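Chain letters run A, B, ... following the sequence lines, proteins first and then strands; every chain starts at 1. Bear in mind the structure is a predicted one, so any value in this text is a computation, not a measurement.
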Amino acid sequence: MSEATVADTRRLNSKPQDLTDAYGPPSNFLEIDVFDPQTIGVGRNRFTTYEVRMKTNLPIFKLKESCVRRRYSDFEWLKNELERDSKIVVPPLPGKALKRQLPFRGDEGIFEESFIEERRAGLEQFINRIAGHPLAQNERCLHMFLQDESIDRNYIPGKVRQ
Amino acid sequence: MSFFGFGQTAEIDIVLNDAETRKKAEHKTEDGKKDKYFLFYDGETVSGKVNVTLKTPGKRLEHYGIKIEFVGQIELYYDRGNHHEFVSLVKDLARPGELTQSQTFDFEFTHVEKPYESYTGQNVKLRYFLRATVSRRLNDISKEMDIVVQTLCTYPELNSSIKMEVGIEDCLHIEFEYNKSKYHLRDVIVGKIYFLLVRIKIKHMEINIIKRETTGTGPSVYHENDTIAKYEIMDGAPVRGESIPIRLFLAGYELTPTMRDINKKFSVRYYLNLVLIDEEERRYFKQQEITLWRKGDIVRRSMSQQASIAAQRFEGSNSETASAQAKEESN
């Protein structure tokens, strides 16, 4: 039997794919939108809230659809909780814009339309990056942020089990 | 001029007896350039001639001895002063005296042991060379000639496939398989990735070959990783049940055989790194060591014989007409 010099490059055998797997809905559906900024309050006690709407089919999330209102400081709280408890490198938030909060500005400061839009886009990117991270998906603080009506700052930090 | 030893009074050069017939191999030098050197294997005899040419004929050359050495040594870049010689052979060519004219000396190192392959790496170098020396009072005249040594292996008896199921719980489960664990330098890595569970948004998947050079021992061990190859095997998001094939030809890359603990000084190991990248640029990877070995060249078969072998592979059955035709042609 002569030794062949042509390499065997045939594919390895694999199981044929089930049609329901091939054409079924993907198991990785996760969409979070941050929109509809509303400025509430008057004078110096004004603040802006954003609607955070989530649609998903990931089993780790209790609700497949949720809709809550959050403000910038809520996002900051989430960032701090994750930096302390999870092992992920938390992405940056859009800036705090302290300069915009100083008096004697020509414009509306942090309630300027263009600034709110910039901030909205940054917050949307931030929350999508975190919610898609396998090591952050089971954090209690993230579930509370996305799916509970209001954030209980006295909650007990920990992991969510499926 | 020769008072400072600036202009040499004589020149030495080394010529191998089989310089016409011996094959040369390309080898990278320390600064990255590629040069050709004579190729030797373990056990081969190294023989040749040393020519000592006097620059000014008639002028005598006093010397304290002429010798030739065959040296195999390991040089660690961070410790240049200390060369670790693992092969050191000497042949005396002339006793102390004087040369009145140019002379040629024969030498032979019979069946020299060359246990390791020549290697030039990031932090360590293993080389073999001949060094001819004319010893003198103030300064010696010497000449070095590097050679390249390659270590050959035959097909390993045991060559199991690599098959593993890995993943992140409830997020990503894959089963990967590579057809062998030991590959020769011109082999093909044939494998597949089977997706059992995909709950992340994958953008693409690639396979990398990583070379890890380890130098030093004990507390001062240093690893230098180098990605030799990056080969994309999948573009897009897979779903559960999909199987992605792998076919990676090794001949196109600069690889050396796996070297384990050479003379207790260094190692060179290779790893396959399977990397999945998701839409947020997060990387999920699984590294697996493979053993690389050097196969000796075998006699080339005729083109039609090679074609009939390939046809049998493709059809998966014996093609009687093709092999009969090949037999006829080779007769």
Side-chain angles (χ1 to χ4, degrees), chain A residues 1-32 55-62 64 86-92 124-139 142-143 159-162, chain B residues 155 161 163 167-172 175 177-179 184 186-202 237-251 278-282 284 297-301 305-314 316 323 326:
Chain A
M1 177 66 184
S2 59
E3 198 188 332
T5 54
V6 178
D8 187 356
T9 56
R10 283 176 297 183
R11 290 188 184 187
L12 301 183
N13 289 327
S14 49
K15 323 167 219 206
Q17 189 179 24
D18 198 337
L19 284 181
T20 48
D21 283 347
Y23 293 102
S27 340
N28 60 2
F29 179 64
L30 172 70
E31 264 174 28
I32 305 178
K55 291 199 178 106
T56 184
N57 68 356
L58 298 178
I60 188 117
F61 292 107
K62 227 166 32 153
K64 298 307 161 209
S86 82
K87 295 202 196 82
I88 74 171
V89 174
V90 185
E124 191 173 77
Q125 196 183 59
F126 171 81
I127 192 64
N128 272 292
R129 282 170 80 173
I130 291 180
H133 201 306
L135 296 177
Q137 266 169 8
N138 57 354
E139 293 288 335
L142 179 67
H143 286 243
K159 307 267 190 262
V160 172
R161 281 178 217 291
Q162 276 205 67
Chain B
Y155 279 98
S161 66
K163 189 166 174 166
I168 301 171
E169 203 175 315
D170 299 322
C171 270
L172 174 70
E175 187 190 76
E177 187 178 342
Y178 305 127
N179 62 335
H184 63 80
R186 291 197 300 276
D187 214 332
V188 190
I189 298 176
V190 173
K192 72 175 204 282
I193 311 294
Y194 179 73
F195 286 91
L196 293 153
L197 179 70
V198 191
R199 290 214 180 108
I200 54 172
K201 297 182 190 176
I202 297 174
V239 291
R240 179 179 51 222
E242 271 193 83
S243 194
I244 304 297
I246 299 169
R247 190 180 299 153
L248 180 54
F249 290 83
L250 294 177
D278 74 9
E279 295 203 342
E280 297 293 348
E281 300 299 317
R282 285 180 285 256
Y284 309 79
D297 283 332
I298 60 165
V299 178
R300 296 253 163 265
R301 312 243 160 251
Q305 265 191 320
Q306 289 201 35
S308 77
I309 294 166
Q312 283 174 35
R313 284 262 158 69
F314 183 71
S323 53

Practice problem: Please indicate whether A:K62 has more than 12 foreign heavy atoms, meaning atoms of other residues, nucleotides or ligands, lying under 6.0 Å from its NZ. | Solution: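 Count not over threshold, so no.
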If you measure from [atom1] on [X] to [atom2] on [Y], what distance do you get to the nearest 0.5 Å?
X	Y	atom1	atom2	result
A:I88	B:R282	CD1	CZ	7.5 Å
B:E280	A:N128	CD	CG	7.0 Å
A:N28	B:E279	CG	CD	8.0 Å
B:E242	A:D21	CD	CG	9.5 Å
B:E177	A:L12	CD	CG	5.0 Å
A:N13	B:S243	CG	OG	10.0 Å

Quiz prompt | Contact summary for A:L30 and B:K201, nearest pair of heavy atoms | solution =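 Answer, listing the atom of A:L30 first, then B:K201: O-NZ, 2.7 Å.
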Practice problem: For residues A:A7 and B:V188, report the shortest heavy-atom separation together with the two atoms involved. | Solution: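 Shortest heavy-atom separation between A:A7 and B:V188 comes out as CB-CG2, 3.7 Å.
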Exercise. Only counting residues at least two apart or in another chain, list the ones meeting ring pair (Phe, Tyr, Trp, His ring centres under 6.0 Å) with A:F61.
Key: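 Ring pair (Phe, Tyr, Trp, His ring centres under 6.0 Å) check on A:F61 returns A:H143.
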Quiz item: Mind checking what makes ring pair (Phe, Tyr, Trp, His ring centres under 6.0 Å) contact with B:Y178, not counting sequence neighbours?
Solution: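 Scan of B:Y178 (ring pair (Phe, Tyr, Trp, His ring centres under 6.0 Å), adjacent residues dropped) gives B:F176.
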Quiz item: Would you say the side-chain atoms of B:R247 pair up with the backbone N or O of A:T9, donor to acceptor, closer than 3.5 Å?
Solution: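 Present.
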Self-check item: Donor-acceptor contact present, side-chain A:K15 to main-chain B:Y194, <3.5 Å
Solution: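 The answer is no, because no donor-acceptor pair under 3.5 Å joins these two groups.
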Quiz prompt | Pairs of heavy atoms under 4.5 Å with chain B: top-ranked of A:G24, A:P91, A:P26, A:P59 | solution =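 Counting heavy-atom pairs under 4.5 Å, the top option is A:P59.
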Quiz item: With chain B, which of A:Q137, A:H133, A:R11 has the greatest number of heavy-atom pairs at distances under 4.5 Å?
Solution: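 Ranked by heavy-atom pairs under 4.5 Å with chain B, first place is A:H133.
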Practice problem: Decide yes or no on side-chain contact (heavy atoms from CB on, under 4.5 Å) for A:D18 and B:R240, but give the supporting numbers first. | Solution: CA-CA 9 Å; A:D18 198 337; B:R240 179 179 51 222; over 6 Å; no
